[in-house]
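So the structure is just underneath, and the comments pick up after that.
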Amino acid sequence: MTFEPDVIVVGAGLAGLVATHELVKAGRRVLVLDQENRANLGGQAFWSLGGLMFVDSPEQRRLGVKDSYELALRDWLDSAGFDREDEDHWARKWAEAYVRFATTEKRQYLRDLGLRVTPMVGWAERGGGAAGGHGNSVPRFHLTWGTGPEVVRVFAEPVLDGERRGLVQFAFRHQVDELVVEDGEVVGVRGTVLVPSDEERGHKSSREKAGEFELRAKAVLVSSGGIGHNHELVRRNWPVERLGPVPATMIPGVPAHVDGRMIAITETAGANVVNRDRMWHYTEGIHNWDPIWPDHAIRIIPGPSSLWFDATGQRLPAPNFPGFDTNGSLKAILATGHDYSWFVLTQTILEKEFMLSGSEQNPDITGKDLKRTLASRAAKGAPGPVDAFKQHGVDFVVAQDVPALVEGMNKLSRGPRIDAAELERQIVARDLEVGNPYSKDLQLMAVANARRFIGDRLARVVKPHRFLDPAHGPLIAVRLNILTRKTLGGVQTTLDSQAVRADGSPFPGLYAAGEVAGFGGGGVHGYNALEGTFLGGCIFSGRAAGRAMARAVG
């Protein structure tokens, strides 16, 4: 290979693209390696919904949301729960820096690249019920106009322009097996050339060997993603004492190439890997009836009105409501001794409150088709992709009354049979609370609070109604599975995204960004995420890495 790079980037996902973009702006030569083919440029970010956390944004202010750096930082730190002196040293600094970025530069940085967001702001991870606890105090989830593909595009285009100008070269189907370390400094990579692949984006590809390589540069960035599809690693690192027993059944929310192998390779080279037990897996996973990758699963992004029952048919205790506290609900589900749960809802709730994660599940917004978006949101009935899951999804049960609903639920059960009379008793108890604008039911209180926010009232949260009112039927039950997704720990880094050794000293020549670095510092989220923070973490840590490497190799 005659191309002599200043920097090698391992992983062509979002963090790698952002870093390469910054290096190209500085006039540096970059070699980008990836074990997949060119069709997978942008990695997992392409499949995302494109959520971005901004603080005190114009979109928030237009909707009457009062946000600030101080409030957002308090929410972040209370949610993160940093409690490890060494492992969280850099993570805490990253948290403060990232919230500052989300409050100041982030929006304009992305707008300058051509990215826009929709005018509605979502309220994700509403929290555990305490002002000083986990969760977002206000709506902060800004949806990219164009979803994940647009987030990828705004960085891929300048990188591809750099390729045309000779500053960037890609080496796809190059699987890194080792970081080359000489005199305590990372000077390159060694690995396996895989056989060519013409598989479509996201499809599983061959690992057949076609050759070997060794490549050198002044700096190496590892931006290879997390462990989400590697269930062996997920089980090995599962925090049993904190979350409960390892689920027997898990479904992957990321493609097969999200295997986490570079974390161990980077650690073997001498980098410090921390917070392996911190993960972010969703409780609302469903099997995809029209899969793209092996065992493809997606997440329901719910509004707050569905009733949530455990595998035995008992309503989850407050504040385990849909969309409130991911890890709290996960712990409550696993405490039953089973690894699944149920949403019970009405057709009215399905039509307004169900949104599916993934760019491919939101073709109107992904395609930036304003006319189609407005029409689909204003039309009667559920959005097309949601209705398709209702019709074809193996986790969905539709019935006109509770006995028939429970009969269908019991056919899908991986555990105990649910008693129809007991389930109906709980639904009736909730329905009796709907007759007044106030209630002792904490979930109905939460729904009332949500509807005070104009964004939720207009587009996201239905007016409370009786579940057993036929006018809002049919009844729907959804079996919810544990969906593996994000790695919250990883390679520990300084604020320049430079990897550190176990003794805390910077590791010359080695940088890490994105999910492989716990989205920055080895775990910027701590124990809990606020949502809309994963793509932003890739962007912020990738930007820091690109700028720092540009200085270091100049």
Side-chain angles (χ1 to χ4, degrees), residues 128 228-229 231-253 277 279-289 295-302 306-345 354 357 389 393-399 402-427 429-430 443 467 475-486 527-528:
H229 201 106
H231 285 180
E232 179 184 351
L233 270 180
V234 171
R235 288 188 168 94
R236 189 186 309 165
N237 294 321
W238 190 270
V240 174
E241 291 185 0
R242 191 172 75 250
L243 294 182
V246 181
T249 299
M250 296 186 288
I251 55 179
D277 62 317
M279 310 175 189
W280 194 247
H281 304 307
Y282 293 111
T283 54
E284 311 98 337
I286 53 176
H287 297 83
N288 195 339
W289 67 274
D295 305 317
H296 184 190
I298 63 171
R299 179 201 176 202
I300 296 169
I301 303 176
S306 295
L307 291 177
W308 204 343
F309 296 92
D310 65 26
T312 71
Q314 294 300 307
R315 194 171 170 190
L316 290 185
N320 295 303
F321 311 135
F324 274 68
D325 184 347
T326 294
N327 278 338
S329 297
L330 177 60
K331 184 176 181 179
I333 290 165
L334 295 177
T336 67
H338 305 284
D339 56 17
Y340 67 100
S341 60
W342 296 94
F343 276 167
V344 172
L345 59 146
F354 264 37
S357 66
F389 269 87
V394 298
D395 298 296
F396 282 70
V397 180
V398 182
V402 174
L405 188 75
V406 170
E407 181 181 359
M409 294 167 71
N410 284 334
K411 288 179 181 178
L412 293 181
S413 172
R414 295 195 297 266
R417 291 181 62 81
I418 293 173
D419 180 81
E422 173 59 15
L423 191 79
E424 186 161 12
R425 182 195 67 78
Q426 295 175 80
I427 295 173
R430 180 264 180 205
Q443 185 171 4
F467 274 51
L475 291 169
I476 301 163
V478 187
R479 182 183 61 183
L480 304 175
N481 310 274
I482 307 304
L483 177 124
T484 56
R485 185 64 71 84
K486 299 298 181 186
Y527 291 100
N528 293 285

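We use all heavy atoms of the structure for the numbers below, so side chains are in, but hydrogens, waters and symmetry mates are not. Counting begins at 1 with the first residue of the sequence.
In this structure, Thr336 has no side-chain hydrogen bond (donor to acceptor under 3.5 Å, both in side chains) partners at least two apart in sequence or on a different chain.
Looking at Asn320, its side chain never comes within 3.5 Å of a backbone N or O of Ala332 through a donor-acceptor pair. With hydrogens and angles ignored, the 3.5 Å screen pairs a side-chain donor or acceptor of Gln426 with a backbone N or O of Gly313. Formation of a donor-acceptor pair under 3.5 Å by the Asp339 side chain with backbone atoms of Thr249 is found in this model. Under the 3.5 Å distance criterion, the side-chain polar atoms of Ser306 are left unmatched by any main-chain donor or acceptor of Leu345. The main-chain N or O of Arg485 is found under 3.5 Å from a side-chain atom of His281 such that the two form a donor-acceptor pair.
Side-chain N/O atoms of Gln443 and Arg315 include a donor and acceptor closer than 3.5 Å. For the residue pair Trp308 and Ser341, a side-chain donor N or O sits within less than 3.5 Å of a side-chain acceptor on the partner.
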Problem - Full working for side chain to side chain contact (heavy atoms under 4.5 Å, CB included) between Asn528 and Trp280 - result: CA-CA 7 Å; Asn528 293 285; Trp280 194 247; 3.7 Å; yes
Practice task
Would you check, one step at a time, whether the test side chain to side chain contact (heavy atoms under 4.5 Å, CB included) holds for Leu334 with Trp238?
Solution key: CA-CA 12 Å; Leu334 295 177; Trp238 190 270; 3.6 Å; yes
Exercise for the section: Determine, stepwise, if the pair Val478 / Phe354 fulfils side chain to side chain contact (heavy atoms under 4.5 Å, CB included). Expected result: CA-CA 11 Å; Val478 187; Phe354 264 37; 4.2 Å; yes
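Atom CZ of Arg417 has 12 or fewer heavy atoms from other residues, nucleotides or ligands within 6.0 Å.
Val406 and Leu423 make their closest contact through CG2-CD2, 3.6 Å (heavy atoms, listed as atom of the first residue, atom of the second, distance). Between Glu284 and Gly323, the shortest heavy-atom contact is OE2-N, 4.4 Å. Here the closest heavy-atom approach between residue Leu307 and residue Ile427 is recorded as CD1-CG1, 4.1 Å. Of all non-hydrogen atoms in Tyr340 and Arg479, the two that sit nearest each other are CD1-CG, 4.0 Å. Pro319 and Gly128 get closest at one heavy-atom pair: CG-O, 3.1 Å. Residues Asn410 and Pro416 come closest through the heavy atom pair OD1-O, 4.3 Å.
Between Ile251 and Asp295, the closest side-chain pair of non-hydrogen atoms is not below 4.5 Å. Residues Arg242 and Lys331 are not in side-chain contact: their nearest non-hydrogen atoms beyond the backbone lie 4.5 Å or more apart. Contact of the Leu480 side chain with the Thr283 side chain is not registered, since no non-hydrogen atoms from C-beta on lie closer than 4.5 Å. Within the 4.5 Å cutoff, no side-chain heavy atoms of Thr312 are placed close to those of Ile418. A 4.5 Å side-chain heavy-atom check between Met409 and Phe309 finds every atom pair outside the cut-off. A 4.5 Å side-chain heavy-atom check between Leu330 and Met279 finds every atom pair outside the cut-off.
To the nearest 0.5 Å, the span separating OH on Tyr527 from CG on Asp277 amounts to 6.0 Å. Separation of atoms CG (Leu412) and CG (Asp395) is listed at 7.0 Å; rounding is to 0.5 Å. Rounding to the nearest 0.5 Å places CZ of Phe467 at 8.5 Å from CG of Leu475.
Aromatic ring pairs are classed by plane angle as parallel below 30°, tilted from 30° to 60° and perpendicular above 60°; the pair His229 and His231 is parallel.
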